[in-house]
Protein chains: 2
Amino acid sequence: MSIEQSILAVLSFWPSTGYNIKAEFEHKAAGLYWGMSYGSIYPKLKKLEEEGLVHPIEQEEGGRKKKLYELTAKGWQEFENWLQLPPAYPIIRDELLMKMSTWHEDMESSILISHLLKRKEKTEDLLGFVKAWPTNGISYISDVGMLSIRYAELRLEAELKWIEESIHALENNHLPKGQDPNGNTEKLLARRRGQSVKGK
Amino acid sequence: MSIEQSILAVLSFWPSTGYNIKAEFEHKAAGLYWGMSYGSIYPKLKKLEEEGLVHPIEQEEGGRKKKLYELTAKGWQEFENWLQLPPAYPIIRDELLMKMSTWHEDMESSILISHLLKRKEKTEDLLGFVKAWPTNGISYISDVGMLSIRYAELRLEAELKWIEESIHALENNHLPKGQDPNGNTEKLLARRRGQSVKGK
DNA sequence: GAGTGCATGTAATTCGTTACATGATTCA
DNA sequence: TGAATCATGTAACGAATTACATGCACTC
């Protein structure tokens with residue numbers, strides 16, 4: 001999914017300026033969506049206008065110069081076509097998981113625990129935000145949209161549970177048993193130590 | 001996190017060729033990691049070699065030409081430095097959530113249900129794979145690495161639960177109540193209908 | 001001897017970000 | 001009057017993908 005669809009999606013809620021679109025993604029970026037830069041937005045809006053998917057609507061002469069964009073019929077069409085296309089399966093790019101998967105015994109597990117604690121903090125913040133959002137009296141969330149809020153809640157709660165579990169396992173040294181059919185752990189440590197890496 | 005770190009991480013397990021690195025990410029890409037193309041790998045390996053982080057190791061003259069890369073002392077250092085750096089908080093880019101958040105009443109909810117069903121299928125597959133992996137007798141997974149497997153399990157199970165819940169809510173029309181302080185739903189539908197978008 | 005899998009690489013292109021450049025309006 | 005916020009835009013750069021190009025080795 002691209003920036004183009006995101007812009008159409010925001011404009012479906014209400015006509016917006018480029019500046020506004022960015023702001024919209026700024027606070028909702030709270031784990032559900034994601035940000036984008038002006039360097040993407042403005043050129044894309046221009047392109048969408050050329051393609052006839054959006055058009056700037058007249059601005060009352062009252063304030064500063066700004067271009068409020070609205071969807072055209074073609075723009076609505078494009079947006080709804082996209083809604084109907086089966087969404088791509090999300091790819092998880094989680095640096096913490098990558099680090100855990102490649103962690104090895106010569107590394108201090110206390111460092112990994114500190115990574116987990118940092119993750120916990122951020123996840124708790126996010127969960128707080130997500131829970132407060134639907135009743136903050138400001139934001140617009142449709143009934144169907146609430147399902148995605150519910151998703152975020154379940155996901156973040158599962159994550160917190162896992163963090164607790166993981167820290168506990170690391171601290172008390174009863175990790176689940178992995179699988180090492182070729183004695184890789186040994187070999188890895190030998191290769192590494194053979195290079196005599198200076199610690200820290 | 002970049003391709004560079006991913007390559008170092010794979011090489012920490014065992015010396016590998018470029019081809020091999022891709023293969024490694026191919027099957028593990030099962031939701032935990034992610035793929036990368038030859039167009040990224042080979043140029044990056046060359047760059048890493050120039051920087052002295054990896055070096056090609058002699059190949060027995062037995063087979064085809066191939067370059068097996070191994071980490072240098074500097075390479076190990078770099079890798080472990082990266083392990084110690086606090087991981088970035090993952091950004092969720094989930095097209096399904098985006099679509100749900102911007103869904104509107106003039107859209108057939110049966111289409112959304114079909115999106116959910118497709119998601120369910122893929123998630124079930126992935127969960128099956130993730131559960132089987134640690135005991136397939138082939139793959140290497142360290143004890144710490146098992147924690148990330150556990151994460152995937154919890155996350156995917158939470159997702160399945162949410163999918164059931166969501167389909168049920170959509171089918172029986174008892175969605176959670178959203179929030180619409182400015183009567184946006186009305187306005188949206190009016191704007192859209194004003195453009196007389198042809199259905200389908 | 002044809003197809004598949006192993007193996008390496010480059011060139012063009014896409015998508016997006018960062019940094020830069022500018023300026024009006026609001027408010028303390 | 002000076003800072004913060006609203007507002008628009010471009011140019012340079014970066015990271016990665018896709019498509020292209022090549023060729024050996026093994027197996028049926």
Side-chain angles (χ1 to χ4, degrees), chain A residues 1-11 14-27 29 33-51 54-70 82 88-89 91-93 95 98, chain B residues 1-11 14-27 29 33-51 53-70 82 88 91-93 95 98:
Chain A
M1 100 154 269
S2 60
I3 282 186
E4 192 166 316
Q5 331 299 341
S6 302
I7 291 178
L8 295 178
V10 171
L11 296 185
W14 39 65
S16 305
T17 66
Y19 184 84
N20 226 301
I21 289 169
K22 176 147 167 64
E24 193 68 24
F25 276 88
E26 219 61 30
H27 74 278
Y33 314 137
W34 49 92
M36 59 180 94
S37 58
Y38 296 128
S40 307
I41 294 170
Y42 287 109
K44 192 63 73 178
L45 277 171
K46 194 189 249 179
K47 198 199 131 217
L48 289 171
E49 190 183 347
E50 279 163 19
E51 292 172 354
V54 306
H55 65 105
I57 53 178
E58 280 8 277
Q59 227 5 50
E60 324 290 295
E61 278 321 304
R64 40 163 70 74
K65 59 163 177 191
K66 62 168 159 175
K67 261 164 143 176
L68 212 55
Y69 284 96
E70 167 66 306
W82 171 74
Y89 199 83
I91 293 156
I92 312 167
R93 282 180 165 240
E95 214 178 310
M98 185 81 213
Chain B
M1 98 155 271
S2 60
I3 282 186
E4 192 167 317
Q5 332 297 341
S6 302
I7 290 178
L8 295 178
V10 171
L11 295 185
W14 39 66
S16 306
T17 66
Y19 185 84
N20 227 302
I21 289 168
K22 176 145 166 68
E24 192 68 25
F25 275 89
E26 219 61 28
H27 74 277
Y33 311 139
W34 50 90
M36 58 179 96
S37 58
Y38 296 128
S40 305
I41 294 171
Y42 287 109
K44 191 63 75 177
L45 277 172
K46 195 189 248 179
K47 198 199 130 216
L48 290 171
E49 190 183 347
E50 279 163 17
E51 292 172 355
L53 299 177
V54 306
H55 65 105
I57 55 179
E58 279 9 275
Q59 232 357 55
E60 325 291 294
E61 278 321 305
R64 40 164 70 75
K65 59 164 179 192
K66 62 168 158 175
K67 260 164 142 177
L68 212 54
Y69 284 96
E70 167 66 306
W82 172 75
I91 293 157
I92 312 167
R93 279 179 167 243
E95 215 179 309
M98 186 79 212

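All chains are named by letter (A, B, ...) in the order of the sequence lines, taking the proteins before the strands, and each is independently numbered beginning at 1.
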**Request:** Starting from P on dA16(D), measure out to CG on L45(B) and report it in whole angstrom.
**Result:** 14 Å

**Nearest-angstrom distance from the residue atom CD1 of I41(B) to P of dC6(C)** = 14 Å

**Request:** Could you encode protein contacts along nucleotides 10-15 of chain D as a string, one character per nucleotide from 5' to 3', using B for base contact, S for sugar-phosphate-only contact and - for no contact, with a heavy-atom cut-off of under 4.0 Å?
**Result:** B-----

**Prompt:** Whole Å only: how far is the OH atom of Y19(A) from the C1' atom of dT22(C)?
**Reply:** 15 Å

**Item:** Nearest-Å distance for atom pair CG/P, residues N20(A) and dG9(D)
**Value:** 14 Å

**Message:** Using whole Å, what does the distance between atom C1' of nucleotide dC6(D) and atom CD of E24(A) come to?
**Reply:** 16 Å

**Prompt:** Between E26(B) and K22(B), does a salt bridge (Lys or Arg N to Asp or Glu O under 4.0 Å) hold up when you go through it step by step?
**Reply:** CA-CA 6 Å; E26(B) 219 61 28; K22(B) 176 145 166 68; 3.3 Å; yes

**Complete:** Residues passing the side-chain hydrogen bond (donor to acceptor under 3.5 Å, both in side chains) test with E4(B), sequence neighbours excluded, are K47(B)

**Asked** Quick one: OH on Y69(B) to CG on L45(B), what's the gap to the nearest 0.5 Å?
**Response** 5.0 Å

**Request:** Please state how far atom CD1 in I21(A) lies from atom C1' in dT8(D), giving the value in whole angstrom units.
**Result:** 12 Å

**Asked** Side chains of S16(B) and E24(B): closer than 4.5 Å at any heavy-atom pair?
**Response** no

**Message:** Tell me the interatomic distance from M36(B), atom CE, to dA16(D), atom C1', rounded to whole angstroms.
**Reply:** 11 Å

**Prompt:** Can a side chain N or O of K67(A) be found less than 4.0 Å away from OP1 or OP2 on dG9(D)?
**Reply:** yes

**Message:** Whole angstroms only, please: what is the NZ-C1' distance between K66(B) and dG5(C)?
**Reply:** 13 Å

**Prompt:** How about K67(B) and Y42(B): do any of their side-chain heavy atoms sit closer than 4.5 Å?
**Reply:** no

**Asked** Do any side-chain nitrogens or oxygens of T17(A) fall under 4.0 Å of OP1 or OP2 in dC6(D)?
**Response** no

**Asked** E70(A): what forms a side-chain hydrogen bond (donor to acceptor under 3.5 Å, both in side chains) with it, not counting sequence neighbours?
**Response** R191(B)

